[in-house]
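Both counts, for ligands and for their atoms, begin at 1 and track the order of listing.
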Amino acid sequence: MKAHSFVYENAQSASEACARKIIELLGQALQSQPRASLAVSGGTTPKLMFAELAKANFDWSNVHLFWVDERMVPPTDSQSNYRLAKENFIDPAHFPSANVHRIHGELPPKEAAKLYGDDIRAFFQLSSGAVPPFDIIHRGIGPDAHTASLFPGEPLIDDRRNLVAAVYVEKFHQWRVTLLPAVLGAARNTLMLAAGDDKAEPLLAVVSGPYDPKRYPAQITTYNGEGVIWFLDKPAARLIG
Ligand code: 6PG
């Protein structure tokens, strides 16, 4: 089954649609299970989506919030993915703090990765070697076709076994912690939100280039992916028709 994609006039309407879908999928998940899990990305595009989530009149008490990736900075830093979600979603939505599973960006990267992996394994009560089925994983795509904190050429793109890793991003001279392909691929739903002209070329390569996730990491799970939906604005979608 092909991934679905929807194109909107601008980033605001793409973000609104993505947020609506998140709410709908969480509602569906909670009809058949006591808790639902949502992993969000960072960067800049999700800000509008977080604001929409915050406005939704939704009962968050049974939703658990995780991150796809985090920069190794304190939670108060302007680059922190946690901070972006906290200011635009967690605080205004009064999201229950006990349900927030942040990546500890202030710790040494390997320690933060281990703690986060332990947190995920405990939440999903995973047996050794099992992979967590997040209800929703929200991801973005970078101008170089990276996704999560998996950048082109990153050896961890071949890792199909581990859940979380610390990764050094040469491009930004920065350590990060990221979910790995096994986890991204096990998500029940993957929502890709991308906006802006600089996403058009990587998007074209990701959706219609040869399958080469080492070169185009955003192809991980999205290439013909079942349960994958792209929310795009017109500038990002301009080359894919
Ligand atoms: C991060 C991310 C990253 C992001 C893309 C797209 O921490 O930077 O989680 O993978 O999704 O870089 O970012 P924008 O949406 O800001 O373009």
Side-chain angles (χ1 to χ4, degrees), residues 8 10-19 22 38-53 65-75 77-89 101-106 109 112-113 116 134 136-154 156-157 164-181 183-184 187 190-203 205-206 213 216-222 228-238:
Y8 299 86
N10 51 38
Q12 175 63 36
S13 35
S15 304
E16 280 170 20
C18 188
I22 288 176
L38 164 67
V40 294
S41 288
T44 49
T45 316
K47 186 174 175 179
L48 296 169
M49 179 192 86
F50 287 144
E52 290 306 312
L53 289 177
L65 184 64
F66 293 81
W67 275 261
V68 169
D69 63 339
E70 181 59 282
R71 295 100 182 260
M72 291 296 97
V73 294
D77 192 283
S78 61
Q79 283 202 57
S80 162
N81 288 343
Y82 166 73
R83 178 177 159 174
L84 184 80
K86 178 173 161 53
E87 288 182 349
N88 296 284
F89 170 37
H101 303 257
R102 79 175 174 93
I103 300 171
H104 291 260
E106 68 278 26
Y116 192 49
F134 278 97
I136 305 172
I137 291 189
H138 149 260
R139 281 161 45 198
I141 172 174
D144 54 4
H146 81 262
T147 194
S149 282
L150 297 167
F151 286 72
E154 172 56 54
L156 286 165
I157 291 168
V164 179
V167 55
Y168 185 70
V169 181
E170 192 64 55
K171 188 172 179 177
F172 301 122
H173 307 291
Q174 183 180 55
W175 278 94
R176 296 183 175 196
V177 165
T178 187
L179 294 181
L180 290 172
V183 182
L184 302 181
T190 297
L191 305 187
M192 303 290 298
L193 175 62
D197 193 65
D198 61 338
K199 305 297 167 68
E201 284 184 12
L203 194 62
V206 164
Y216 308 119
Q219 285 181 332
I220 297 168
T221 76
T222 64
V228 176
I229 308 178
W230 287 91
F231 294 88
L232 305 168
D233 72 351
K234 273 191 175 166
R238 76 182 153 86

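Nearest protein heavy-atom contact of atom 5 (C) of ligand 1 is His146 NE2, 3.4 Å. Protein heavy atom closest to atom 16 (O) of ligand 1, with residue, atom name and distance, is Thr44 N, 2.5 Å. Ranking the protein heavy atoms by distance from atom 9 (O) of ligand 1 puts Asp69 OD1, 2.6 Å first. Among protein heavy atoms, atom 6 (C) of ligand 1 sits closest to Ile141 O, 3.4 Å. Looking at atom 15 (O) of ligand 1, its nearest protein heavy atom turns out to be Thr45 OG1, 2.4 Å.
Taking all heavy atoms of Gly42, Gly142, Ala195, Pro143 into account, the minimum distance to atom 4 (C) of ligand 1 is reached by Gly42. The closest non-hydrogen atom to atom 3 (C) of ligand 1, taken over Gly140, Ser41, Ala148, comes from Ala148.
With values rounded to the nearest 0.5 angstrom, Leu150 atom CG is found 5.0 Å from Ile220 atom CD1. Note that the CG atom of Asp77 and the CE atom of Met72 stand 11.0 Å from one another [nearest 0.5 Å]. To the nearest 0.5 angstrom, Ser80 atom OG is 9.0 Å from Glu87 atom CD. Rounding to the nearest 0.5 angstrom, the gap separating the OG atom in Ser41 from the CD1 atom in Ile141 is 12.0 Å.
Side-chain contact between Leu179 and Ile137 is present, with heavy atoms from C-beta onward closer than 4.5 Å.
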For this session: Could you give me the CA-CA distance, side-chain angles and deciding distance for Asp69 and Thr178, then say whether side-chain hydrogen bond (donor to acceptor under 3.5 Å, both in side chains) is met?
Result: CA-CA 4 Å; Asp69 63 339; Thr178 187; 5.0 Å; no
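Listed by number with element, the atoms of ligand 1 under 4.0 Å from a non-hydrogen atom of Lys199 are 14 (P), 15 (O), 17 (O). Within ligand 1, counting atoms from 1 as listed, the ones closer than 4.0 Å to a heavy atom of Arg176 are 1 (C), 7 (O), 8 (O). Atoms of ligand 1 found under 4.0 Å from any heavy atom of Arg71 (numbered from 1 in listed order, with element): 1 (C), 7 (O), 8 (O).
Residue-level proximity to ligand 1 for Asn81 is carried by the side chain, the only part with a heavy atom below 4.0 angstrom.
Using a non-hydrogen distance threshold of 4.0 Å, Glu70 does not register as a contact of ligand 1.
Between Phe151 and Tyr168, the distance from one ring center to the other does not fall under 6.0 angstrom.
One N or O on the side chain of Glu70 and one on the backbone of Asn81 form a donor-acceptor pair closer than 3.5 Å.
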